Amino acid sequence: MSMKRIPEEKIEEIRSATDIVSLIGEYVQLTKRGRNWFGLCPFHEENSPSFSVSGDKQMFHCFGCGAGGNAITFVMDVENVPFTEAVAKLGSRTGVEVEVPESGEQGRESMPPQHRRLLEAHTFAAEFYQHLLLNTVEGEEALEYLTGRGFTPEAIERFGVGYSLGNSDSLARLLARKGFSEEEMAEAGLVIVPEHGGKPFDRFRNRIMFPLHDPNGRTVGFSGRVIQKADNEPKYLNSPETPIFNKGEILYNYHNARLAARKSGNVILFEGFMDVISADLAGIQSGVAIMGTALSDKHLALLGRITRQVVICTDGDDAGWEAARRFSRLFKSGRTDATVAVIPDGMDPDDYIRKYGGGQFREQVIGQPHTLLSFAMMYAKRGKNLNNENDILQYIHEVLAELAGNTTPVERDLYLNQLSRETGVSAEALTAQFRKAEARQVRTDTRHEDRQDRQGDQRPKPGPKVRNTPVSRAERILLSHLLRDGAVFAGIRDSEEGNPFFHDEYTAIYVNLAGFYEEYGEPDVHRFAETLQDPDLRRIVMETVMSELSEEHVGEEVQDCLRHIRKYRIEMEIREKLQQSREAEKLHDHLRALELSKQIIELKKSLSAV
């Protein structure tokens, strides 16, 4: 097995040097409860924390979905990377150097080779663009522009900012020298290849280049900004959608904000990536932004991984208020709470910071956000004259509709009293009107649920639960013994039993375990889990070893499990042959039906002997 390419002592050194609580705390908000830490599982959607991390055992386990393992398998699962890359990530984190095998040998088995090529092209392009910005005469104007906007050398490095040359094919020629084909360059979105022949040319020319990263921090696209806008060109030019770049699945600066959010306790959601950078220059490092798309379920899931508190901060103009309204509605029933930071006087974050400074932006805007209900009232009040009776009635109607079904009794009293002060209508009258609005809301919700019941609810259903049949329990107990006791494994391997398991996932684990024992000799559950590329198989292994086993009657328990699985296999074979026999009779194939009947009789005899 190629896992030995990294010395075992090096793997153990990295595993021992990694504090799993600190590591997982960079991805999941953890709260200490007794000896362990708990948070929302990053591997499945949940609203109540069932994800446990043990500092003593250096292990994690989710009681909801069964995920479990150590620091290395956690990185493999959460980052979707193979073993060597996870070890390398933890090595750089702990200061232990690791030589990672070439990607062709072992680097990114879970990623198609063509996707790796696209990532490599983007990594090269990002390095080339930053070199042009920082080290060439051609990049001086762009660098001066950025410096004038408050960019520090540290910010340029942190965000990977660069510059693309004005001539048409500089990147195309360099990528060709690096061995990239025209098809690869075009698929990456970095180069445009004319349909009817002609020389390939760079998509981005004479622009300040901002790399776009996936959640793992890999460059997957770019946004290029012109320095001086001409009439016939867009201010910003973004990479097209590619196999590695989907705007609906990417939040700008997510890979940096993930760590910063652990300190700040929240994530700031901006409309545009330049707002993120302006906020960063003002000392707010936990900002993220959508890339010109609607806020998607994927975006919400990414945010839910790292925070329970999102602060929405959009521009202060009409378009910004509308965006904040759209964003806020998506957080009402999610696992993540949200507030809204309102920027006054129609300004955007950069305008406000330039006028009042980063400190006031942090304290007066981000530091004093409004609740979703408070923001909804502010939104409803905009453009209305509360000296006008029709406007008052419309305002009351909109606010009561917002409060209905969304408030606790305390919140209801608080906001109804506020509404009374603003409109001059008594709190008693508003309360009576609110009860009617709430009753309408209940009837509407009930009709909606009834309609879904009649039509069939089309919302995504939870995935299939882990099997809990008697044969699966027998397989789980047997696997647990095989994982912990090499002698038990050898006894089954050397018998005439062959593969003792029935279900495919257990069979796959058994085959991998055979190879593991052949190479390592001794049982080591953590090390074995690290060799498995399939996260579902790792999950079964770690969930299996969490179960308690009898130490006194191992032999009897193993034999009992084997008998149960043998019996089940024979029963399934009998059921299959009965079905085949019925089909043969329908086709009047009496010889075939007779042969199957004999086989069924023999199987039933063997079943009674088990």
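In what follows, every heavy atom counts, from backbone to side chain, and hydrogens, waters and symmetry copies are set aside. We count residues from 1, following the sequence as given. Quantities reported herein were computed from a predicted structural model and do not represent experimental measurements.
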Any ion pair linking Arg539 and Asp77 (charged N to carboxylate O, less than 4.0 Å)?
-> no
Which of parallel (below 30°), tilted (30 to 60°) and perpendicular (above 60°) describes Phe151 and Phe210?
-> tilted
Pairing of Arg325 and Glu322 as salt bridge, 4.0 angstrom limit = no
Mind listing the side-chain donor-acceptor pairs of residues 282-297 below 3.5 Å, one per line with the distance, residues two or more places apart or on another chain?
residue : atom : partner : partner atom : Å
Ser286  : OG   : Ser264  : OG           : 3.4
Ser286  : OG   : Asn266  : O            : 3.2
Ser296  : OG   : Gly248  : O            : 2.7
Ser296  : OG   : Lys298  : N            : 3.4
Ser296  : OG   : His299  : N            : 3.1
Ser296  : OG   : His299  : ND1          : 3.2

Parallel, tilted or perpendicular: ring planes of Phe222 versus His122, cut at 30 and 60 degrees | parallel
Looking at CD of Glu9 and CD1 of Ile14, how far apart are the two atoms once the value is rounded to the nearest 0.5 Å?
-> 11.0 Å
Rounded to the nearest 0.5 Å, what separation is found between the CG atom of Leu251 and the CG atom of Asp214?
-> 11.5 Å
May I ask you to check whether Tyr254 and Arg258 show a side-chain donor-acceptor distance below 3.5 Å?
-> no
Would Arg527 and Glu8 pass as an ion pair if we require N to O under 4.0 Å?
-> yes
Aromatic ring pairing Phe516/Tyr520, orientation class (parallel under 30°, perpendicular over 60°, tilted between) | parallel
Give, for atom CG of Leu175 and atom CG of Leu190, the distance between the pair rounded to the nearest 0.5 Å.
-> 6.5 Å
Which ring-ring contact (aromatic ring centres under 6.0 Å, His included) pairs, counting each pair once, include a residue from residues 168-190, with sequence neighbours left out?
-> none
What closest approach, in Å, do Pro211 and Thr219 show between heavy atoms, and which atom pair accounts for it?
-> CB-CG2, 4.0 Å
Could you walk me through whether Leu146 and Leu133 pass the side chain to side chain contact (heavy atoms under 4.5 Å, CB included) test, one step at a time?
-> CA-CA 10 Å; Leu146 290 169; Leu133 176 71; 3.8 Å; yes
So how far is it from Glu183 CD to Arg117 CZ, rounded to the nearest 0.5 Å?
-> 12.0 Å
Under 30°, 30 to 60°, or over 60°: which ring-plane class applies to Phe204 and Tyr129, parallel, tilted or perpendicular?
-> perpendicular
Spell out, as yes or no, whether a donor-acceptor pair under 3.5 Å connects the side chain of Gln130 to the backbone of Glu127.
-> no
Inspect the surroundings of CD in Glu157 and state if more than 12 heavy atoms from other residues, nucleotides or ligands are less than 6.0 Å away.
-> no
Would you confirm whether Asn512, through its side chain, and Ala508, through its main-chain N or O, come within 3.5 Å as a donor-acceptor pair?
-> yes
Would a line drawn from the ring center of Phe273 to the ring center of Tyr236 be shorter than 6.0 Å?
-> yes
Residues pairing under side chain to side chain donor-acceptor pair (under 3.5 Å) where one sits in residues 196-211, two or more places apart or in two chains, turn out to be Tyr163-Asn206, Asp169-Lys199, Ser170-Asp202
Ignoring hydrogens and angles, tell me if any N or O in the side chain of Asn70 forms a donor-acceptor pair with the backbone of Ile72 under 3.5 Å.
-> yes
Does a side chain donor of either Arg326 or Thr314 reach within less than 3.5 Å of an acceptor in the other side chain?
-> no
What distance separates Phe270 CZ from Ile277 CD1, expressed to the nearest 0.5 Å?
-> 11.0 Å
Look at the side chain of Ser16 and the backbone N and O of Glu13, then say whether any donor-acceptor pair between them is shorter than 3.5 Å.
-> no
Looking at Arg15 and Glu530, does any basic side-chain N land under 4.0 Å from a carboxylate oxygen?
-> yes
In Å and rounded to the nearest 0.5 Å, what is the OG to CZ distance from Ser52 to Phe60?
-> 11.0 Å
Distance-only, no hydrogens or angles: does the Thr307 side chain make a donor-acceptor pair with backbone N or O of Leu303 under 3.5 Å?
-> no
